[in-house]
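Reading through the structure tokens given below for one structure.
Atoms within a ligand are numbered from 1 in the order they appear, just like the ligands themselves. Only a predicted model underlies this, so the values are computations on that prediction, with no experimental measurement involved.
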Amino acid sequence: MSKKDYKIAVMGGDGTGPEVVAEGLKVLDAASKKFGFNYKTTMLDYGGERYMKTGKTVTDEEIEGLKKYDAIFLGAIGHPDVKPGILEQGILLKTRFGLDQYINLRPVKLYDSRFTPLKDKKPQDIDFVVVRENSEGIYTGKGEFRDKGSKDEVAIQISYNTRKGVERCIRYAFEFTRKRNKRKKLTLCGKTNVLTYAWDLWQRVFDEVKKEYPDVQTDYAHVDATTMWFVKNPEWFDVIVTDNIFGDIITDLGAMIQGGMGIAAGGNINPEGVSMFEPIGGSAPKYTGKHVINPLAAICAAGMLLDNIGEPEAAKAIENSVIKVSTTKLQSLAAGKMGFSTEQVGDLVVENL
Ligand code: IPM
Ligand code: MN
């Protein structure tokens with residue numbers, strides 16, 4: 001038996017979030033028995049329902065409270081009856097920023113050729129990781145309106161990039177590429193030809209830090225070209241490092257080429273603190289309570305969580321089970337088309353663990 005005892009905060013959130021999280025927890029439970037670790041979960045009701053009842057998103061005290069956990073497992077944030085932006089900023093972004101989860105790690109991996117819309121691409125062609133900066137850029141909410149509502153209105157949204165913020169992200173990406181030890185190639189994805197302040201800094205820091213990693217091969221691609229290569233030659237990528245908004249955009253495309261939101265997971269990482277793992281898709285309100293949503297993304301997020309807290313063997317076993325179940329059992333990764341219910345897919349992953 002492992003002496004390990006973990007504390008995990010669980011935020012099911014909105015829509016189908018709680019349903020997929022329940023399957024993730026089912027797999028976590030089975031993994032803990034098989035790999036001999038203990039954990040205790042605390043269920044938190046942060047989300048749209050609580051906001052409508054109490055007006056609270058996540059308070060500063062609650063952010064403080066999250067710091068005592070080993071990790072956070074999140075379902076989805078976003079409620080059809082709450083104006084867009086309130087929950088996203090007040091819960092998701094506030095937690096990312098409040099816990100200084102400055103990396104958003106999003107693996108893009110195809111498990112079966114059937115799942116990609118790209119013709120002739122195989123699992124070996126689609127296997128890369130996006131390291132998205134998660135604490136700066138245009139997500140900091142800096143900006144202003146000038147003459148709001150008038151014909152001369154100007155809306156300014158600032159991309160805020162600090163030397164320290166860019167450097168810690170790039171350094172993480174180099175370390176990650178080295179540790180992943182696949183092709184040992186790191187691509188900087190930016191827009192140096194237009195965003196000549198922000199990307200000048202990113203490029204300079206990248207060029208400086210790369211000198212410390214002679215074993216890592218480096219490359220640069222503009223973000224627009226990156227989307228083209230994702231479709232045409234995804235096999236060129238190993239690890240990509242990029243800023244917050246570009247990372248947001250390219251990882252939705254990444255999710256599609258790996259089989260859709262049903263399988264795409266990510267981690268909001270603070271390498272020195274508490275990290276949060278989530279399926280990267282939204283709350284999918286139209287599927288709520290229908291037992292058709294694919295829980296594999298949440299299950300993969302639970303696997304990433306275990307890897308992060310120090311249970312890499314269990315994490316690997318979960319991934320292997322997901323690969324087995326998705327390639328040999330599921331008809332499709334899409335909601336309602338899997339050939340199984342949400343709960344049955346969770347059970348299959350447990351059986352194949
Ligand atoms: C994501 C989401 C969030 C983001 C939204 C919900 C604020 O799209 O996790 O990618 O833009 O980061
Ligand atoms: Mn997104």
Side-chain angles (χ1 to χ4, degrees), residues 11-18 20-21 24 46-49 51 57-58 63 71-108 128-143 157-161 165 169 189 223 226-227 230 240-270 275-288 293-294 297-298 300-302 304-305 308:
M11 298 164 48
D14 303 318
T16 52
V20 296
V21 155
Y46 311 161
E49 295 296 331
Y51 173 75
T57 48
V58 172
I63 294 287
I72 304 164
F73 185 30
L74 170 68
I77 295 295
H79 195 291
D81 302 331
V82 180
K83 187 175 165 228
I86 294 178
L87 302 173
E88 291 83 350
Q89 280 186 336
I91 301 178
L92 186 62
L93 298 182
K94 187 163 175 181
T95 307
R96 286 177 181 171
F97 287 13
L99 297 179
D100 201 19
Q101 294 164 340
Y102 62 87
I103 298 296
N104 196 323
L105 195 65
R106 296 189 161 177
V108 176
F128 58 88
V129 178
V130 177
V131 176
R132 163 185 173 187
E133 204 291 321
N134 211 31
S135 65
E136 301 194 334
I138 62 173
Y139 277 73
T140 54
K142 294 187 198 308
Q157 194 92 44
I158 289 172
S159 172
Y160 186 84
N161 301 266
C169 176
C189 163
V223 63
T226 301
T227 63
F230 271 21
I240 297 169
V241 62
T242 191
D243 79 355
N244 210 340
I245 187 64
F246 292 165
D248 176 47
I249 296 166
I250 66 173
T251 54
D252 265 28
L253 180 56
M256 286 319 291
I257 66 171
Q258 75 179 121
M261 290 303 180
I263 192 76
N268 301 278
I269 314 262
N270 176 343
S275 301
M276 174 168 72
F277 298 84
E278 54 173 335
I280 86 167
S283 56
K286 70 174 175 182
Y287 295 123
T288 307
I293 195 82
N294 187 345
C300 289
M304 290 180 76
L305 181 155
N308 179 267

Note the single closest protein heavy atom to [atom], along with its residue, its atom name and the distance in Å.
atom	answer
atom 1 (C) of ligand 1	R106 NH2, 3.3 Å
atom 2 (C) of ligand 1	D248 OD1, 4.0 Å
atom 3 (C) of ligand 1	L92 CD2, 3.9 Å

Ligand 1 atoms in contact with E88 (distance to a heavy atom under 4.0 Å):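 Answer, ordered by atom number: 6 (C), 7 (C).
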Close-contact set for ligand 1 against Y139 heavy atoms, below 4.0 Å: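 Heavy-atom distances to Y139 below 4.0 Å select 4 (C), 11 (O), 12 (O).
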Sidechain N-carboxylate O distance under 4.0 Å for E88, K94: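 No, E88 and K94 are not salt-bridged.
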Residue pair N270 / D100, side-chain donor-acceptor N/O under 3.5 Å: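 No, no side-chain donor-acceptor pair sits under 3.5 Å.
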E136 side chain to N244 side chain, donor-acceptor N/O pair below 3.5 angstrom: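 Their side chains do not contain a donor-acceptor pair, so the 3.5 Å distance test is not met.
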Separation between OG of S159 and CG of D243, rounded to the nearest 0.5 Å: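 So the gap between those two atoms works out to 6.0 Å.
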Spacing of I86 atom CD1 and T57 atom OG1 [to the nearest 0.5 Å]: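 These two atoms lie 9.0 Å from each other.
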Nearby protein N/O/S atoms (those under 2.8 Å) for the Mn ion (ligand 2), with water ignored: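 The answer is D248 OD1.
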Y102 ring center within less than 6.0 Å of F97 ring center: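 Between F97 and Y102, the centre distance exceeds or equals 6.0 Å.
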R132-ligand 1 polar pair, N/O distance under 3.5 Å: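 Indeed, backbone or side chain, R132 has an N or O that close.
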Least distance between heavy atoms, L305 atom then A71 atom: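 Taking L305 first and A71 second, the nearest heavy atoms are CG-CB, 3.7 Å.
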Ring-face cation contact, Y139 with R132, 6.0 Å cut, 45° max: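 Yes.
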Student check: side-chain heavy atoms of M11 and I91 closer than 4.5 Å: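 Yes, their side chains come closer than 4.5 Å.
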Proximal candidate to atom 9 (O) of ligand 1 [heavy atom criterion; set E278, Q89, R96]: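 Considering heavy atoms of E278, Q89, R96, the nearest to atom 9 (O) of ligand 1 sits in R96.
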